[in-house]
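First up is the structure itself, then whatever we jot down about it.
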Amino acid sequence: MRKITQKVIKQWFAENGFKPRHNIKSMKEAINNASEDLGADTYDLLLLLVANEPIHSMNTHSYGFHTSNGRYIIELIQNYYNQYEQK
């Protein structure tokens, strides 16, 4: 499975006119770990996390709102992020 890099994350923020407020290295590690756990594409997870883009194959949204699965995925990434941020 393809891993996401800090460069890709920084590039997404730059292309969309945003300045990241979080630690990019920790975000990268969190997304890569969640991807391994879930078998999901890392770029899809990035878009779910930062742009609220649905992952249709994982049923993350229903009528524009997060499903329980969508909330679980976001919380999983956040938990990994917090673990790396504390190191």
Side-chain angles (χ1 to χ4, degrees):
M1 186 157 296
R2 196 177 84 204
K3 298 207 179 248
I4 200 160
T5 63
Q6 292 181 54
K7 181 180 177 182
V8 170
I9 296 172
K10 288 177 185 178
Q11 183 178 358
W12 184 90
F13 278 101
E15 287 174 357
N16 289 282
F18 296 109
K19 183 176 179 182
R21 296 183 294 170
H22 299 289
N23 183 318
I24 298 297
K25 183 177 180 182
S26 296
M27 185 182 291
K28 173 197 76 148
E29 294 295 336
I31 290 171
N32 286 332
N33 282 340
S35 173
E36 288 177 16
D37 290 352
L38 301 168
D41 181 69
T42 53
Y43 197 74
D44 287 343
L45 293 177
L46 173 67
L47 294 179
L48 173 66
L49 186 65
V50 298
N52 196 26
E53 292 284 329
I55 304 173
H56 297 292
S57 63
M58 298 184 82
N59 298 318
T60 59
H61 289 72
S62 177
Y63 297 101
F65 295 97
H66 292 139
T67 61
S68 60
N69 192 47
R71 289 189 300 275
Y72 167 77
I73 294 168
I74 292 169
E75 288 175 11
L76 178 66
I77 296 169
Q78 289 172 339
N79 288 337
Y80 276 127
Y81 176 85
N82 290 331
Q83 288 175 12
Y84 285 106
E85 194 60 20
Q86 291 175 359
K87 290 183 179 180

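At a threshold of 4.5 Å between non-hydrogen side-chain atoms, the residues L45 and I55 count as touching. The shortest side-chain heavy-atom distance between S68 and R71 falls under the 4.5 Å cut-off.
Note that the OH atom of Y81 and the CD1 atom of I31 stand 10.5 Å from one another [nearest 0.5 Å]. Of the inter-residue distances, the one linking L76 atom CG with I73 atom CD1 reads 8.0 Å to the nearest 0.5 angstrom. With rounding to the nearest 0.5 Å, the separation of CG in N52 from CD1 in I74 is 6.5 Å. One distance of note links CG of L49 with CD of Q78; it measures 7.0 Å at 0.5 Å rounding.
For the ring-ring contact (aromatic ring centres under 6.0 Å, His included) condition, the pairs that include at least one residue of residues 52-71, sequence neighbours left out, are H61-H66.
Listed for the N23 side chain is no donor-acceptor partner under 3.5 Å among the backbone atoms of E85.
The side-chain hydrogen bond (donor to acceptor under 3.5 Å, both in side chains) search around D44 returns none, not counting sequence neighbours. A search for side chain to side chain contact (heavy atoms under 4.5 Å, CB included) contacts involving N32 returns K3, I4, K28, T42, not counting sequence neighbours. Under the rule for a ring-ring contact (aromatic ring centres under 6.0 Å, His included), Y80 has no partner lying at least two apart in sequence or in another chain. Scored by the side chain to side chain contact (heavy atoms under 4.5 Å, CB included) test, N59 finds no partners at all (sequence neighbours excluded).
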Kindly list each side-chain donor-acceptor pair under 3.5 angstrom involving residues 7-20, sequence neighbours excluded, with atom names and distances?
residue	atom	partner	partner atom	Å
Q11	NE2	E15	OE2	3.0
N16	ND2	W12	O	2.8

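Taking every heavy atom of both residues into account, A34 and I77 meet most closely at CB-CG1, 3.7 Å.
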